[in-house]
Amino acid sequence: MTSNTKKLFIKTYGCQMNVYDSDRMTDALAEHGYETTAEMGEADLVLLNTCHIREKAAEKVYSELGRLKIMRDARREAGSDVMIGVAGCVAQAEGDEIMARAPVVDLVFGPQSYHKLPDLVARAANGRIVDTDFPEEDKFEHLPQARREKTIARGMTAFLTVQEGCDKFCSFCVVPYTRGSEVSRPVAQIMAEAQNLAEAGVREITLLGQNVNAYHGLDANGEPIGLGALLYRLAEIEGLERLRYTTSHPRDMDDALIDAHRDLPEVMPYLHLPVQSGSDRILKAMNRKHTRAEYLALIARIRAVRPDIAISGDFIVGFPGETDQDFEDTMQIVRETGYAAAFSFKYSSRPGTPGALMDDQVPEEVKMERLYRLQALITEQQAAFNQSCIGKTLPVLLDKPGRNEGQIGGRSPYLQAVHVDAPVSLIGQMRMVEITGLSKNSLQGRIVTESPEESANLDVSSEHNAHERSENV
Ligand code: 5AD
Ligand code: SF4
């Protein structure tokens with residue numbers, strides 16, 4: 001290692017968009033001599049990439065900064081030093097407050113400043129900096145693409161942000177304020193990034209956006225195209241076998257996107273389509289701009305073209321004014337929809353959102369009880385779906401070593417974790433796997449053919465999925 005190599009440690013909170021952003025920050029700093037380390041204690045630069053979606057997520061940042069202060073004091077006493085930066089949505093929303101509350105922080109910068117990071121780091125050596133502007137220039141044009149070796153090291157699945165920001169203004173949500181209004185990346189930029197990923201061996205791409213199905217990037221003729229049309233183009237890239245996208249809003253699920261689920265085998269039969277509540281009264285108060293009937297009709301349309309599609313969702317319990325009946329309506333929409341997986345949260349009042357000013361905030365113990373009941377129902381549905389997969393044969397993209405020796409793991413089309421007994425040499429391969437059993441968080445299976453092509457006539461239909469990310473009761 002050369003003497004001017006510096007070490008970078010990034011801790012990422014929150015959604016997949018932050019995971020993607022942390023990789024972009026890593027790539028930007030790599031060009032300036034920073035190498036990542038898994039040991040926070042030996043880093044020259046520690047970045048916290050933060051999440052502001054709920055109060056608990058935001059508070060975690062301040063606890064971590066308390067620990068970092070102890071670490072930095074010890075480092076200084078030992079004659080070395082560390083620079084500390086806060087990125088992400090807490091940085092965007094509370095930049096000045098972070099500076100006031102946490103003198104240990106050298107640098108605060110929002111999601112729209114990541115392309116300026118090397119410069120900000122250099123400048124922060126001479127004094128504390130806050131940069132939370134929304135600049136005119138396109139940050140993606142200035143962010144470097146990952147080097148081929150880096151992409152290979154990151155594995156055969158990758159995220160690709162195609163859209164940022166949100167114009168929906170759900171009354172509980174900070175995203176329109178922290179990430180700003182909707183911006184879609186141009187088609188050519190996305191195609192080039194996807195092409196690079198595929199050439200480095202990536203087989204599965206998940207397109208990301210806070211409101212991904214509102215994507216409307218410009219094509220070569222300067223015409224906006226939607227997410228459906230983008231999927232058709234991406235499906236043509238050699239080597240890309242699987243496409244996913246998240247997170248979608250029911251209002252933006254248009255025909256072209258539904259057609260893509262019908263026509264493209266690359267588009268995985270899994271759809272994260274949050275409804276948040278099953279009560280029309282609460283949906284209105286949430287400013288969701290759709291009713292429960294419209295949501296259910298949409299699910300029916302999607303299932304008509306792709307009957308095996310696994311539906312996942314997000315729910316909020318205890319939104320201001322939510323009555324027992326409203327909550328029962330939520331339980332009912334869950335029963336009617338039949339989720340393969342779902343994430344559920346207690347409403348968290350966020351400063352600056354309309355929800356924070358509403359009367360009738362629901363008491364904590366009521367939220368707790370509702371969350372408990374909702375999660376029990378979701379867990380039951382998830383288990384039933386997983387159970388229904390036993391005996392089916394599914395294509396699994398094997399992408400990592402398993403927990404036990406001799407085991408490797410991957411994902412089914414429905415995003416379920418699947419483990420098989422197989423050598424690590426098969427990591428990176430797609431295999432047909434017969435599902436033989438269930439364990440707590442994954443399916444177990446047995447490889448039945450060398451590759452999906454050899455088993456084109458096998459039945460791979462099934463439903464639903466499971467994985468856990470919800471709030472703990
Ligand atoms: N309180 C609780 N949950 C929230 N979410 C967004 N904002 C809040 C909030 N203020 C949830 C929604 C969203 C998911 C990402 O987080 O369910 O879909
Ligand atoms: Fe937040 Fe609603 Fe936008 Fe999703 S659609 S990011 S919940 S405002």
Side-chain angles (χ1 to χ4, degrees), residues 13-19 50-60 88-90 92-93 111 161-184 208-215 227 245-253 271-279 282-290 295 298 311-322 327 330 333-334 337 339 341-358 361-362 364 366-368 370-371 374-375 378 467-473:
Y13 301 82
C15 66
Q16 293 112 324
M17 297 197 65
N18 272 8
V19 175
T50 62
C51 171
H52 200 242
I53 196 92
R54 284 169 291 276
E55 190 179 354
K56 238 192 205 161
E59 278 307 316
K60 277 189 199 158
C89 295
V90 181
Q92 186 65 44
T161 293
V162 300
Q163 180 278 335
E164 279 192 300
C166 182
D167 295 341
K168 287 284 187 292
F169 289 93
C170 298
S171 59
F172 51 82
C173 186
V174 285
V175 165
Y177 311 97
T178 54
R179 292 277 178 161
S181 55
E182 284 170 9
V183 177
S184 295
L208 301 178
Q210 262 95 25
N211 192 11
V212 73
N213 60 347
Y215 175 81
L227 188 65
Y245 59 93
T246 196
T247 288
S248 298
H249 190 287
R251 279 286 293 254
D252 294 318
M253 256 346 268
L271 175 62
H272 185 61
L273 196 62
V275 67
Q276 314 294 355
S277 167
S279 152
I282 296 295
L283 286 172
K284 193 160 198 297
M286 285 177 164
N287 193 30
R288 289 289 291 178
K289 305 181 175 84
H290 63 79
Y295 179 82
L298 176 59
I311 304 290
S312 110
D314 289 338
F315 293 90
I316 296 177
V317 299
F319 185 80
E322 186 186 74
F327 176 67
T330 296
I333 205 169
V334 174
T337 303
Y339 287 93
F343 309 104
S344 46
F345 311 97
K346 285 180 286 181
Y347 171 71
S348 167
S349 173
R350 307 307 293 127
T353 61
L357 303 175
M358 289 179 185
Q361 299 284 331
V362 174
E364 183 61 24
V366 176
K367 286 185 197 171
M368 200 68 153
R370 289 178 186 167
L371 184 66
L374 177 58
Q375 291 195 343
I378 289 166
H467 71 147
E468 195 62 62
R469 199 193 60 185
S470 296
E471 192 159 5
N472 293 328
V473 181

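Order of appearance sets the numbers: ligands from 1, and atoms from 1 within every ligand. Numbering starts at 1 and runs along the sequence shown. It should be emphasised that the depicted structure is a prediction, and the values quoted were computed from it without experimental measurement.
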With a cut-off of 4.0 Å, which atoms of ligand 2 are near a heavy atom of Pro176?
8 (S)

Per-atom contacts, ligand 2 versus Phe172 - under 4.0 Å to a heavy atom
7 (S)

Pi-cation contact, Phe172 with Arg350 (under 6.0 Å, within 45°):
no

May I ask you to check whether Cys166 brings an N, O or S atom to under 2.8 Å from atom 1 (Fe) of ligand 2?
no

Considering both backbone and side-chain atoms of [X], is one of its nitrogen or oxygen atoms within less than 3.5 Å of a nitrogen or oxygen in ligand 1?
X	result
Tyr347	no
Gln276	yes
Pro274	no

Under the side chain to side chain donor-acceptor pair (under 3.5 Å) rule, what do Ser348 and Glu55 come out as? Steps first, then yes or no, please.
CA-CA 6 Å; Ser348 167; Glu55 190 179 354; 4.6 Å; no

Check: [X] ring centroid to [Y] ring centroid under 6.0 Å:
X	Y	answer
Tyr339	Phe315	yes
Phe169	Tyr177	yes
His272	Phe343	yes

Side chain or backbone of Phe169 under 4.0 Å from ligand 2, or both, or neither, by non-hydrogen atoms?
backbone

Note: Pro274, heavy atoms under 4.0 Å from ligand 2, region reported as neither

Considering only heavy atoms, which of [options] lies nearest to [atom]?
atom	options	answer
atom 5 (N) of ligand 1	Lys367, Arg350, Lys346, Arg54	Arg54
atom 5 (S) of ligand 2	His249, Glu182, Gln210, Arg179	His249
atom 9 (C) of ligand 1	Ser344, Ser348, Ala342	Ser348

Determine yes or no for a side-chain-to-main-chain donor-acceptor pair under 3.5 angstrom, with Glu364 supplying the side chain and Val366 the backbone.
no

Supply the atom-to-atom distance Thr50 OG1 to Gln92 CD, rounded to the nearest 0.5 angstrom.
9.5 Å

Once rounded to the nearest 0.5 Å, what's the spacing between atom CD of Glu322 and atom CD1 of Ile316?
9.5 Å

Protein contact to atom 1 (Fe) of ligand 2 [nearest heavy atom, distance to 0.1 Å]:
Cys173 SG, 2.2 Å

Tell me: protein heavy atom nearest atom 8 (S) of ligand 2, and distance?
Cys170 N, 3.3 Å

Could you check if a side-chain atom of Pro111 sits within less than 4.5 angstrom of a side-chain atom of Arg179, using non-hydrogen atoms only?
yes

Quick one: look at Phe172 and ligand 1, take heavy-atom pairs under 4.0 Å, and tell me if it's side chain, backbone, both or neither.
both

